Asker: 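Take a look at the following structure, please.
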Amino acid sequence: MAYEKVDSKTDFPAMEREVLRFWEETRAFETLREKNRGNTKWSFLDGPITANNPMGVHHAWGRTYKDVFHRYHAAKGHDMRYQNGFDCQGLWIEVEVEKEHGFANKKDIEAYGVGKFVDECKARAQHYADIQSEQSKRLGYWMDWSNSYYTMSEQNNYGIWAFLKKCHEERHVYKGKDVMPWCPRCGTGISQMEMNEGYRETEHLSVFVRFPIVGRENEALLVWTTTPWTLTSNVAAAVKADMKYLKVRCGEWTYYVGKGNFEAARKQPVEGESAKKAPSLMSIQAIFKNAGGFEVLGEVDGEALVDLRYTGPFDHLDGAAEAKEHHRVIAWEMVTESEGSGIVHIAPGCGSEDYRLGKEFSLPAVAPLDQMGNFLEPFGRLAGRNFVSVANDIADDLKERGVLVAKERYVHRYPHCWRCKEELVYRLVDEWYINMAWRDRIMQATRGAQWIPEWGMDRELDWLKNMGDWMISKKRYWGLALPIWECDDCGHFEVIGSQSELKERAVAGWEEFEGHSPHRPWVDAVKIKCAKCGATPVSRVKDVGNPWLDASIVPFSTMGYFDNRESWEEWFPAEFVVEALPGQFRNWFYALLAVSTMMVDKAPFKTLLGHGLVLDDQMEEMHKSKGNAIEFNAAADKFGVDVMRWMYCNHSPERNLAFGPAHIDEVRAKTIRPLWNTYAFFVNYARLDEFDPTKDVLPIERRTDLDRWILSDLQKLIEVADTAYAGFEVHHFCSRTERFIDNLSNWYVRRSRRRFWKSEWSDDKRAAYQTLHEVLTTLCQLIAPIVPFLTESMYQNLVAGRIEGAPASVHHQSFPMPDPAKIDRALSERMERFLRVVSMARAARTMSKLKVRQPLAEMRVQPAGDVERLAVEQFNDHMLEELNVKKVTIESDLSSLCTISVRSNMKLVGPKYGKDAGSIGKALQSADADVIASLVASGSPVSIEVDGRAIELEPSEVLVAKSYGDDWAAEENAGTIVLLDKRITKELKLEGIARDIVRFIQNLRKDTNLNLEDRITLSLQSDDAELSEAVDACGAYIARETLATDLTTTPIDGAAGRLDVKINGKPLVIELRCS
RNA sequence: GGGCUCAUAGCUCAGUUGGCUAGAGCGCGUCGCUGAUAACGACGAGGUCCCAGGUUCGAGUCCUGGUGGGCCCA
């Protein structure tokens, strides 16, 4: 069967789609699984992708790694689970479904019907899971797509129930009252994990307010806040006991204010552009000055202010009634001289620090807002108004009542809801928590795994050390139903650990629930009896769970922990997980470790690989809203996925990656295309020659040096590949492969071209074919995990069906082993030296403007060492051909041809010696150049006598020039000297002309669309004597090179191609037609 | 304020346990090669390896401090 012709202008995306069809039709993936079934296992654990949108190119990075290591381990014969996961539950899905319906808040959902809403969330997750599956297939991601796990599955949800029950048995589950960030639109608390994603620069109205001190006439505390609405709930004011406070009179009032605060210049706490845009802040001193001037009356310690009582700014409201009784100054360590007035407004119902402090001092917490962020009834004319919009009115109100000192626009980083982008507010709420008293156990498990990069472990440990308790509840609809049933009568709560346990405990509603997934609203129908007080019915708490629970039970729920323990033991822990680094330390990595520690006191993975972000080509984060996001499908259609996969694999995982067309083109041009062209070269000649790779295979010792060199390098590449894949360092292998492909394409093939052109079969030609075939097929195997399409396409043409017993797909092959018999390190070393000498000779030609087409009579080489000498001897023929010289001579000492001259470096000597510089130059020129040169070479100073004075020149002040005369072009580097004879004889000149002519004819053949093997009749017409002479003298050479059967100097009738050219300025007409 | 991390050519980045003259690709300029190559090769310009100390025979690499960026925590 003949090789299929390969066009170097292949449409790679189209080729990839064809390969996808091939895999589909031949059930290539299933065959692979079958082949490895029952072998040693390699266990992978997938971090579920959020099934809420189509994939972007940033998802493709991690998924490429996942596929690459799967394919490698499959080639190593391992049995694998091939299970992909989808993350389905959570607020992000709810928000999208709400948007589709135009819902404004939770009331709309309730009105619509929770059951219908939840069903739609489920459907949305399924919809995008399906889309992502298709996209992943397009990426070449070989997974068992019929067996993906979904975090919304019953298996998964009940798994979390079991986990929570275990937590409860160890007394770690509790209900806590806390002030926490709350999204008024979503109507839910925001956990510590989610907080950071939502910080945005925000402008607020901040105010300075006067708190008049009770019992002291016209004396007041100066208090500052960025959230005026919280003043309604003020309970106390905090000072730092050992800080200095000034007593300052301004107008009719005397204020207490932190001394440092008073004098300090104040700056908006933002950086960069936003800092420039934000209005500048006045110091407190300046504020007072503007208000009519001030007078500093004295200085006291904070201590002296403690326990003073004061009148709050909203004491007239009913809502402040309780707080009113408690208004006093308390001492707090956290007060600073760098922010505000040094006296901090404390509202325990409106801030989490405040709340903790309030508890410490037994202060009441006044919570003024409902769950939508609106003021409650007892807050007078604020009642019903939203906290976001009241700042100005509050300022006006304060002014009317004469307690406002100043207001200003303040820009700071303030938390927003990471999903809906609304401003968050701090609210006092009841939530469910897992306490983290057992964090040491999690840290122990963390240390038991390998982290790549290594600092990942420190990062994780740092989080574990500092994190707060894990808030697991969310007052929403779509998600894990927290399995907590709480008795209204006695407050006792229980955690139910499984479906069967619930059935046993159910006293009502089981029939209604049966047949439904354990989600709201269905599961809420089930009531139990209180185990403590016997009350009935006891209902489930309304909350749903934190979605990171969903993604973290998977090492148990998907590997069979609950239903097939034996199998679970075979797959747990996973060998490998890989996810994007930023964020996951406090999300998936953390939750995964916590859950697994609770269950079995062990990390659920042996190795964790973290990678960076995919950014746009300006190194900025991709966002849909910014318009710089690139959809996966668009990129796959436009660029093809192999090139993307190579780009991902070639990159250091921990660094962020700039994704853009220019980068893609670079990867294609540097790696994919040279490889493809080498392959096309091979195939297109092998086709004509009907090469059969299985026939008359020559042993290694009968191959040429060049063959043995590339095969030796190939063995080394196999070693590198195996190590890199096994150690999850695929980028090391990629950069080695790029070098290998460069050597293959730009040296091996270039130097071997003529061996393929020969018309008769010979050992040499056979060796070339066999060698290149072996290199290409082995290389295919090595890089198949990275570029599965390209290699499949090559494999189908090079191997499948051509070699008996060869597997049907490149991906069914076993990973190659290096053949020690083919490794020849000495040869590789010599080739490396040789390439260096060649490059020097080319440099010599360039410098002397001697183009390579012009043959030269001789080249002389003084090698830098024995290896180089051997190299030049061994590869003499390549040297002659590559550099177009007639003879290469090796010399041990070329210095006899060299003239050394020295002169002064006027750039340095001029400024330093002034008018003596000229004399120094003359003195240097008349001195012994050889002696001075050797001094300079050794870095020693040079002493010379100038006008009777001894002057010592630094080596840098002397310039040494070497010359090998006008007849030689020279290049010298690190002990190697290369000389090229510049003298061009008549004969050489004519030969050069002939080569020029050949080049033009070849171009014409190409332009005329002749086949490689077509024979031609050729006509070369010129009036110029020298051109004619060259045609006469070198006609046979020209004819041979251009496959001309007839060569004439007269015009051809019906020429297929004609070209008018100038050679050395003289016109020549070329005509040709097929003979 | 604390933790982690990064800083090497105009840009994107390599640089093994400290060791020959610090490299590649892109871009720019010049020249060349080409019947595999939408390519390629050579040469050139472009570096205080962020700064300052220290350890060492020797530091881009190790240590300390600082500056600047990123992520996280408070």
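Labels below follow one simple rule: chain letters A, B, ... track the order of the sequence lines, proteins then strands, and each chain is numbered from 1. A quick note: this is a predicted structure, and the numbers were derived from the prediction, not measured.
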Asker: State the pairing partner of B/rU64; accept Watson-Crick or G-U wobble contacts with both distances under 3.5 Å, and report none otherwise.
Answerer: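 Base-paired to B/rA52.
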
Asker: Mind listing the closest non-hydrogen atom pair of A/V730 and A/Y725 along with its distance?
Answerer: CG2-CE2, 3.8 Å

Asker: Any idea which of B/rG41, B/rA39, B/rG35 is nearest the A/D742 side chain?
Answerer: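 Of the options given, the side chain of A/D742 lies nearest B/rG41.
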
Asker: Ignoring the backbone of A/H651, work out which of B/rG3, B/rC13, B/rA36 is nearest its side chain.
Answerer: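 Among B/rG3, B/rC13, B/rA36, the one nearest the side chain of A/H651 is B/rC13.
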
Asker: Which of these nucleotides, B/rA36, B/rG25, B/rC72, is closest to any side-chain atom of A/E666?
Answerer: B/rG25

Asker: Applying a 4.0 Å non-hydrogen cut-off, can you work out what A/R655 is touching in the nucleic acid: base, sugar-phosphate, or nothing?
Answerer: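 Sugar-phosphate only.
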
Asker: Name the pairing partner of B/rA14, where a pair is Watson-Crick or G-U wobble with both distances under 3.5 Å, or state none.
Answerer: none

Asker: Tell me if the side-chain of A/R459 makes a donor-acceptor pair with the base of B/rC71, cut-off 3.5 Å, by modelled atom types.
Answerer: yes

Asker: Please check if the side chain of A/R439 supplies one atom and the backbone of A/M436 the other of a donor-acceptor pair under 3.5 Å.
Answerer: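 Yes.
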
Asker: Under 4.0 Å between any heavy atoms, over every strand shown, what does A/N684 touch: base, sugar-phosphate, or nothing? Just pick one.
Answerer: nothing

Asker: Tell me whether A/R1015 contacts the main-chain N or O of A/T1045 through its side chain, where contact means a donor paired with an acceptor under 3.5 Å.
Answerer: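 It does not hold such a pair.
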
Asker: Check for a donor-acceptor pair, side chain of A/N656 on one end and backbone N or O of A/V614 on the other, with a separation under 3.5 Å.
Answerer: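 Answer holds: no.
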
Asker: Answer yes when A/R459 and A/D462 have at least one side-chain N-carboxylate O distance shorter than 4.0 Å, and no when they do not.
Answerer: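 Salt bridge: no.
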
Asker: Just name whichever nucleotide pairs with B/rG44, Watson-Crick or G-U, keeping both distances under 3.5 Å, else none.
Answerer: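 Base-paired to B/rC28.
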
Asker: Partner of B/rG58 by Watson-Crick or G-U wobble geometry, both contacts under 3.5 Å, or none?
Answerer: none

Asker: When the C1' atoms of B/rA22 and B/rG2 are compared, how many Å lie between them, rounded to an integer?
Answerer: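 The answer is 36 Å between these two C1' atoms.
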
Asker: So A/Y685, base contact, sugar-phosphate only, or nothing? Heavy-atom distance under 4.0 Å.
Answerer: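 Answer is sugar-phosphate: A/Y685 comes under 4.0 Å of backbone atoms only.
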
Asker: Measure the distance from CZ on A/F733 to P on B/rA14 and round it to the nearest whole Å.
Answerer: 19 Å

Asker: Let me know the distance between CG of A/L688 and C1' of B/rG35, rounded to the nearest Å.
Answerer: 12 Å

Asker: Say we look at B/rC40 and B/rG25: how far apart would their P atoms be, to the nearest angstrom?
Answerer: 10 Å

Asker: Can you check whether any acceptor in the base of B/rA14 is under 3.5 Å from a donor in the side chain of A/S652, or vice versa?
Answerer: no

Asker: I'd like the P distance from B/rC20 over to B/rU37, given in whole Å.
Answerer: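 The same atom, P, in both gives a distance of 40 Å.
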
